[in-house]
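Per chain, numbering begins at 1; letters A, B, ... match sequence-line order.
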Amino acid sequence: MRLSRKAKGEYQVEVSKDYDPLKIEPRWQKRWEELGVYRFDREDKKKPTYVIDTPPPYPSGEFHMGTALNWTYFDIVARYKRMRGFNVLFPQGWDCHGLPTEVQVEKRYGIRKGDLPPEKFRKRCIKLTEENIAHMREEMDSLGFSIDWSTEYRTMDPDYYRRTQLSFVQLYKRGLIYRGEHPVNWCPRCETAIADAEVEYEDREATISYIKFKLHGEDGYLTIATTRPEYLPACVVVAVYPGDKRYKKHVGKKLEVPPLGQVVGLIEDHEVDPEFGTGVVMVCTFGDKTDVRWVKRHKLPVVKLIDEKGNMSEAAGKYAGLTLEECKRAIVGDLRKAGLLAKQEKLAQSVGACWRCETPVEILTKPQWFMRVLDLKDKVIEGAKRVRWVPDHMRQRLIDWAESMDWDWVISRQRIFATPIPAWYCTGCREPVVAEERQLPVTPAKDKPPVERCPKCGNESFEPERDVLDTWMDSSITIAVHAGWPELDRRLFPADLQPNGTDIIRTWDYYLLVRHLALLGEVPYRTVLVNGMVFGEDGRKMSKSLGNYVDTTMARGKYGTDALRQWAAIGASTGSDIPFNWKDVDFGHRFMRKFWNAARFAGPHLNAKIAGLGPKKLKFRPVDRWILSRLNRLIEQTTGWLEDFQFNRALGAIQTFVWHELCDMYIEEVKHRLYGDDPTADAARYALYHVMLTAAKLLAPFTPHFSEEIYQTHFARDHPYPSVHVSSWPEVNKKFIDESAERAGELTNLIVGALRQFKSERKMALSRELPSVEIYASSGEVAKRLKEVGDDIAGTMRVGKLKIKVGKPKLAERVLAIEPELAKLGPRLRADAKLIVQALREAKPEDLAKRLAKGKIKLRAGGKRFELTPEDVRVIKETASAGRKVGVIDIQEPALTILIVSS
RNA sequence: GGGCCCGUGGUCUAGUGGUUAUGACGUCGCCUUGACAUGGCGAAGUUCCGGGGUUCGAAUCCCCGCGGGCCCA
């Protein structure tokens, strides 16, 4: 862009022919950061606040397209709300702790977690995390997200995990966190407990074995079916469905469990599926979650069969030390030898696996820390009902999840890179001692407990808790942390918006809700905005192994981030899954180019003085009133849709307006006025100024860089705002909404369109002049409206003389020629076809047409007789009115006839 | 096995009771209109997965079936 002063105080703007996003976008990103347009102003107590609690991403180092979709939604909202006058808090955090980073560190250095002292291992994790964050930050800036980096937080920083520990201490004091020994999901590879939310189910093919259990003290066997024979040594009871006729007589008897031969009872339980296998099931500690319920319900003993690495314990007898898989093979082999393996079948089964390493989870009991979430179930569900969900049906997902909870949340992990649990144990009586609030943050391995003696037994020696907290304990208090908790700034709590993907409703939305309810007794967010998952172009889930993976750097590399953001906004309705689509990205770019060129055309006419004139001082033509009315409706619609988070509809409406109403119609319809000395030219300039500025503003949340470039190139010199993003959102001016103007505009467009089609059909250049056109209206009222827009039509379509009349034109049809359809006649008549052609040429066309109208024509040619049907020929006619050759266009609604007089 | 969502021209997609059913991509024809040929104008193409029902009226509501997706067990 270059500005140079022209005479008379007007600007001549030299604008490049094409819009180059790859050059322009980084420039604005840098400028916005300098201007601080994204800063949340903590000192400002006047403006209303708008708080977006963004889910802190895991710093894996890669920015996924799904995350880009996520953040685009947040960013559209943030930018829109800023323009609406809100003091917007759009923070950015990093959910640093957890297994994936440990796994990455283990891989990078070729070690396991126990190979290094914890502090050293932790340092390597921090280093890797910092590298990853740096990459991702850069990418987020390139994607144009209006994040306020002054609010950046990292859950691994002492100032953050101090609060995580504080929340632990407070909930412990209130009895909502407790230490207990319950079965938990256990990943043998990662050697840690994991929560239900971290277990993912995969379909696998399993083998089901039918195994004979001898009746104790009598002859005969019962056959049980199991997919996990390695658990036989931990079988504590056998169960059947109550009243199952096959087994009724055996209930209460004893059975011998192979291969170790322990003797167990046979009981009835309603959870046994009589259809599965033989209807007899062995209960082991613990093969799956049902076993856990059975053990509890029937007060059964627990055999600790598996150790923390997933190997068989001493309880497995001669199988001790084997891995699960080895044990399975050994036991099946032994059973087969002993004749106790009745048969084996294949079975499709879904297996719970660790979300991070895909190792199948086992169920172990070990002392762990738990949060009492089951007690909060009703409050969570009630809270979820009060929140606004976009789309609405997502609420049900959270309710279903909360209702399905059957274990308390295990919050301790046997890992290293995480928030330390602020607790110690008395070496005498094992009583846990939890840190005092004033001590925090603490690292128990280095710091001292808050008491000198055990409050229970008086012992003076303690050992630190070495377990750490589930990473969800860190991230589930972000909303309180943004609001300054423990001193809560009520302007920032609850958050206005809680946006995230469908996949983390059960984790992120749930944990936020349950933790803030426990801690503060309040629902922490007002609205949850849910986005769908991003699929590859082939409609399948995007993944590197499927080869349909596109990363964000690639996706924005072609046309910049504004084009990509348009795909994100318009690719699907809010909450629906969305396939990545290069065509949408291309279209986004073409749209900006279109707008860019329209602005380039309008540039010399964009004059603030004219734009500032009162409408009364201008001579508006109907098309001006039409576009201004349409513009104000667009503001109304776009605003409503943004309030409802319907991004696809908002952007779609703007695109359609700009491309089809502004560019295709309006600009074409005012060119003739702008080029001459038309006294109404300033009215068109007024409309162009307001329409283009407003459209650029409406687009600002979607295409921030493009809108800024348009604003800076054409409008900034007249306005006090240093950036379009701190300008005000367009207001609807109801005075401009005018139905009769819209009807007049539509009538103009209708006739312009019809004349364009007429020219197109006759292969005429659009610029070709039409010397004389007559429009016949069916009523005086339509004729009156036509007269109002006559000059616009004539000017746009280059009509020399335009006459408007009431009534119907007198039309006469003249047959010019009857031509043979040789495609039909040729195959039928062969060589004789030539004779027909000759005969048709010689006959009088009018006569032939009359005879044809009655049916068939009989012809004599070259001494032969022929008969022709209407299908065999084409009648070439021309229409005439008052002796002049005319083209005719009939329009149904409103009833019009247009005559294009050509001679 | 449960919950939720979806099934619209060749492809993707908007649209939750009344529209000539939206738009994009693709296809075809035409046009250098003084912003844009990386453009413009125009055309063809679907009757809304199948069946039944409610209604004056259904792509839109209800039921059944078929197909797909997501989440969970």
Side-chain angles (χ1 to χ4, degrees), chain A residues 15-20 196-197 199-201 273 275-276 288-290 349-352 389 391-406 501-507 530 532-533 535 537-541 559 566-567 570-605 646 648-649 651-653 655-656 659-660 662-665 667-669 671-672 674-676 688 692 752-769 796-798 892-893:
Chain A
V15 182
S16 66
K17 199 172 164 187
D18 206 354
Y19 176 68
D20 185 355
D196 279 346
V199 177
E200 286 185 346
Y201 288 82
D273 179 1
E275 308 284 318
F276 183 83
D288 63 23
K289 273 188 143 188
T290 335
Q349 196 192 30
S350 73
V351 175
W389 293 78
D392 193 64
H393 65 260
M394 294 298 177
R395 175 185 294 106
Q396 198 57 38
R397 296 228 180 149
L398 190 119
I399 292 174
D400 288 347
W401 172 250
E403 277 178 345
S404 75
M405 300 301 277
D406 50 6
T502 51
D503 55 335
I504 56 171
I505 291 172
R506 76 199 161 103
T507 46
V530 179
M533 298 291 101
F535 293 142
E537 284 208 284
D538 57 2
R540 294 187 296 171
K541 242 186 179 173
Y559 294 126
Q566 288 180 80
W567 156 77
I570 214 164
S573 56
T574 306
S576 304
D577 295 333
I578 161 173
F580 177 71
N581 196 341
W582 278 113
K583 282 173 190 164
D584 284 349
V585 177
D586 292 348
F587 182 78
H589 181 247
R590 289 207 294 127
F591 171 69
M592 290 187 286
R593 189 168 51 209
K594 186 73 182 171
F595 193 160
W596 182 252
N597 279 300
R600 199 158 69 94
F601 164 78
H605 304 287
Q646 302 296 305
N648 61 326
R649 302 179 87 170
L651 179 57
Q655 286 179 345
T656 303
W659 202 313
H660 301 294
L662 174 62
C663 294
D664 290 350
M665 303 310 295
I667 288 180
E668 294 301 328
E669 287 167 351
K671 273 181 181 169
H672 66 278
L674 295 174
Y675 289 124
L688 277 176
M692 305 227 61
V752 166
L755 289 171
R756 278 175 177 165
Q757 190 175 342
F758 179 86
K759 286 183 175 177
S760 174
E761 279 167 0
R762 279 160 187 73
K763 307 181 201 277
M764 292 163 68
L766 279 174
S767 58
R768 172 98 160 264
E769 184 169 303
T796 307
M797 292 313 293
R798 313 213 171 188
Q892 303 294 318
E893 185 53 49

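Residues satisfying the salt bridge (charged side-chain N to carboxylate O under 4.0 Å, His left out) test with Arg395(A), not counting sequence neighbours, are Asp392(A). Applying the salt bridge (charged side-chain N to carboxylate O under 4.0 Å, His left out) criterion to Asp288(A), with sequence neighbours excluded, gives no partner residue. Not a single salt bridge (charged side-chain N to carboxylate O under 4.0 Å, His left out) links Lys583(A) to another residue, sequence neighbours left out. Residues forming a side-chain contact (heavy atoms from CB on, under 4.5 Å) with Arg593(A) (at least two apart in sequence, or on another chain): Asp18(A), His589(A), Arg590(A), Asn597(A).
When the side-chain nitrogen and oxygen atoms of Trp659(A) are compared with OP1 and OP2 of rG40(B), one or more of them lie within a distance under 4.0 Å. For the pair Ser573(A) and rA14(B), the criterion of a side-chain N or O lying under 4.0 Å from OP1 or OP2 is met.
For rG15(B) and rG23(B), the P atoms lie 14 Å apart once the distance is rounded to whole Å.
As rounded to whole Å, 18 Å separates atom P of rU38(B) from atom CE of Met592(A). Atoms CZ (Phe587(A)) and C1' (rG39(B)) sit 14 Å apart, rounded to a whole Å. Rounded to an integer number of Å, the gap from CG of Asp18(A) to C1' of rA37(B) is 12 Å. If you take CG of Leu755(A) and C1' of rG40(B), they are 17 Å apart, rounded to a whole angstrom. Atoms CG (Asp586(A)) and P (rG39(B)) sit 11 Å apart, rounded to a whole Å. Here the P atom of nucleotide rG39(B) and the CZ atom of Phe591(A) are 14 Å apart, to the nearest Å. Atom pair Phe535(A):CZ and rU11(B):P shows a separation of 19 Å (rounding to whole Å applied). Atom CE in Met665(A) sits roughly 14 Å away from atom P in rG40(B) (whole-Å rounding).
Within 4.0 Å (heavy atoms only), Trp582(A) reaches no atom of the nucleic acid at all. No engagement by Asp503(A) is indicated, since no non-hydrogen atom pair under 4.0 Å with the nucleic acid exists. The residue His605(A) sits apart from the nucleic acid: no heavy atom pair falls under 4.0 Å.
Base-pair partner of rG42(B): rC28(B) (Watson-Crick or G-U wobble, both distances under 3.5 Å). Using the Watson-Crick or G-U wobble rule with both distances under 3.5 Å, rU60(B) pairs with nothing in any strand shown. Figure legend. rC70(B) is base-paired to rG3(B); pairs are counted as Watson-Crick or G-U wobble with both atom distances under 3.5 Å. Pairing of rU22(B), defined by two Watson-Crick or G-U wobble distances under 3.5 Å, is not identified with any nucleotide.
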List every contact pair, protein side and nucleotides 1-8 of chain B side both N or O, where the distance is under 3.5 Å.
residue: rG3(B); atom: O2'; partner: Asp400(A); partner atom: OD2; Å: 2.5

Grab the N/O contacts between the protein and nucleotides 27-35 of chain B below 3.5 Å, and write none if there aren't any.
residue: rG29(B); atom: N2; partner: Ser760(A); partner atom: OG; Å: 3.2
residue: rU33(B); atom: OP2; partner: Ser767(A); partner atom: OG; Å: 2.8
residue: rU33(B); atom: O2; partner: Glu668(A); partner atom: OE1; Å: 3.2
residue: rG34(B); atom: O2'; partner: Tyr675(A); partner atom: OH; Å: 3.1
residue: rG34(B); atom: N7; partner: Arg798(A); partner atom: NH2; Å: 3.4
residue: rG34(B); atom: O6; partner: Arg798(A); partner atom: NH1; Å: 3.1
residue: rG34(B); atom: O6; partner: Arg798(A); partner atom: NH2; Å: 2.4
residue: rA35(B); atom: OP1; partner: Lys671(A); partner atom: NZ; Å: 3.2
residue: rA35(B); atom: OP1; partner: Tyr675(A); partner atom: OH; Å: 3.4
residue: rA35(B); atom: OP2; partner: Tyr675(A); partner atom: OH; Å: 2.3
residue: rA35(B); atom: O3'; partner: Arg600(A); partner atom: NH2; Å: 3.4
residue: rA35(B); atom: O2'; partner: Asn597(A); partner atom: OD1; Å: 3.0
residue: rA35(B); atom: O2'; partner: Arg600(A); partner atom: NE; Å: 3.4
residue: rA35(B); atom: O2'; partner: Arg600(A); partner atom: NH2; Å: 2.7
residue: rA35(B); atom: N7; partner: Lys671(A); partner atom: NZ; Å: 3.3
residue: rA35(B); atom: N6; partner: Cys663(A); partner atom: O; Å: 3.3
residue: rA35(B); atom: N6; partner: Glu668(A); partner atom: OE2; Å: 3.2
residue: rA35(B); atom: N3; partner: Asn597(A); partner atom: O; Å: 3.2
residue: rA35(B); atom: N3; partner: Ala598(A); partner atom: N; Å: 3.1

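Trp389(A) has its side chain within reach of Leu398(A): a pair of non-hydrogen atoms, C-beta onward, lies under 4.5 Å apart.
In this structure, Met533(A) and Gln655(A) both approach RNA chain B, and ranking their closest nucleotides by distance from the 5' end singles out Gln655(A). Toward the 5' end of RNA chain B, the nearer of the two residues His589(A) and Asp577(A), judged by each one's closest nucleotide, is His589(A).
Using a 30° and 60° split on the angle between ring planes, Phe591(A) and Phe587(A) fall in the parallel class, below 30°.
Taking only side-chain atoms of Arg593(A), from C-beta outward, the nucleotide of rG39(B), rC12(B), rA73(B) with the closest atom is rG39(B).
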